Amino acid sequence: DTEVTQTPKHLVMGMTNKKSLKCEQHMGHRAMYWYKQKAKKPPELMFVYSYEKLSINESVPSRFSPECPNSSLLNLHLHALQPEDSALYLCASSQAVRENEQFFGPGTRLTVL
Amino acid sequence: QKEVEQDPGPLSVPEGAIVSLNCTYSNSAFQYFMWYRQYSRKGPELLMYTYSSGNKEDGRFTAQVDKSSKYISLFIRDSQPSDSATYLCAMNTGFQKLVFGTGTRLLVSP
């Protein structure tokens, strides 16, 4: 299995809602990442988990809360988002040693109303 | 000045043409260089991965890195309409954070 899967594919939420994005990989990778991508822009790193521990937080607002329950799963909990948070949210993973080869999932397209 | 510069395009070519995509960068500590292909509304797909200077070939794709000039290239031979996508270069120093170019949109017409 060489895929990174993400659910849901699309999500529409109001500013008072709480929702979660899910990412899963079964490649034995020990580093997992969340990126945010706006239209016609490159991905922007949000968080990095290495061996299930948060190793990088790129000063992301607290309304985004990551969680890594085990080495295969990565969640992003969303609460009180703003319309400007609407974007494609991408999950990626890499082997802990060869962290440069990052494999991306298809993304969750989030719309905040 | 951005750390990684990439012409956003669009770059329009006829089917069968050789395509050259390029990035320049300013951080001499970058050691690892990648090219991703991203179709509209999809996640990036890793195409090529290169360490340090040199060439790497995979089918119709060739990646070149010239560290002395801080310049990387991706060549696509015999381009196909299915190659129409945005191509992102990415690089890092060996730690986890990738630095991406803005992406070049490629259009290959039949």
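In what follows, chains are A, B, ... by sequence order, proteins preceding strands, each numbered from 1. Please read all numbers here as calculations on a predicted model, not as lab measurements.
In terms of non-hydrogen atom pairs under 4.5 Å with chain A, the most contact-rich of B:Arg105, B:Gln38, B:Gln31 is B:Gln38. Interface summary for chain A: among B:Gly43, B:Gly103, B:Ser40, the most heavy-atom pairs under 4.5 angstrom belong to B:Gly43. Ranked by heavy-atom pairs shorter than 4.5 Å toward chain B, the options A:Lys9, A:Arg109, A:Lys41 are led by A:Arg109.
Counting heavy atoms of neighbouring residues, nucleotides and ligands inside a 6.0 Å radius, atom NZ of B:Lys42 does not exceed 12 of them. For A:Lys38, the NZ atom sits in a packed shell: over 12 heavy atoms of surrounding residues, nucleotides or ligands are nearer than 6.0 Å. Taking a 6.0 Å sphere around CZ of A:Arg63, one finds it holds more than 12 heavy atoms contributed by other residues, nucleotides or ligands.
B:Val99 and A:Met46 fall into different hydrophobic clusters, where Ile, Leu, Val, Met, Phe, Trp and Tyr residues are linked whenever their side-chain heavy atoms come under 4.5 Å apart, directly or through other members. A:Phe103 and B:Phe33 fall into different hydrophobic clusters, where Ile, Leu, Val, Met, Phe, Trp and Tyr side chains are chained together by heavy-atom contacts under 4.5 Å. By the criterion of side-chain heavy atoms lying less than 4.5 angstrom apart, applied directly or through intervening Ile, Leu, Val, Met, Phe, Trp or Tyr residues, B:Trp35 is grouped together with B:Val65 in one hydrophobic cluster. Connection of B:Phe75 to B:Val13 is not established within any shared hydrophobic cluster, with ILVMFWY side chains joined at heavy-atom distances below 4.5 Å, either directly or through further cluster members.
The part of A:Gln37 that comes within reach of chain B is its side chain, from C-beta onward, which places non-hydrogen atoms under 4.5 angstrom from that chain. Within the 4.5 angstrom heavy-atom criterion, no atom of B:Tyr39 approaches chain A. Contact of A:Glu58 with chain B is made through the side chain alone, with heavy-atom distances under 4.5 Å.
The closest side-chain heavy-atom distance from A:Pro42 to B:Val4 is not below 4.5 Å. Counting heavy atoms from C-beta on, the side chains of B:Leu46 and A:Glu101 come closer than 4.5 Å.
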Yes or no on side chain to side chain contact (heavy atoms under 4.5 Å, CB included) for A:Tyr33 and B:Leu98, after CA distance, side-chain angles and deciding distance?
-> CA-CA 11 Å; A:Tyr33 311 76; B:Leu98 285 180; over 6 Å; no
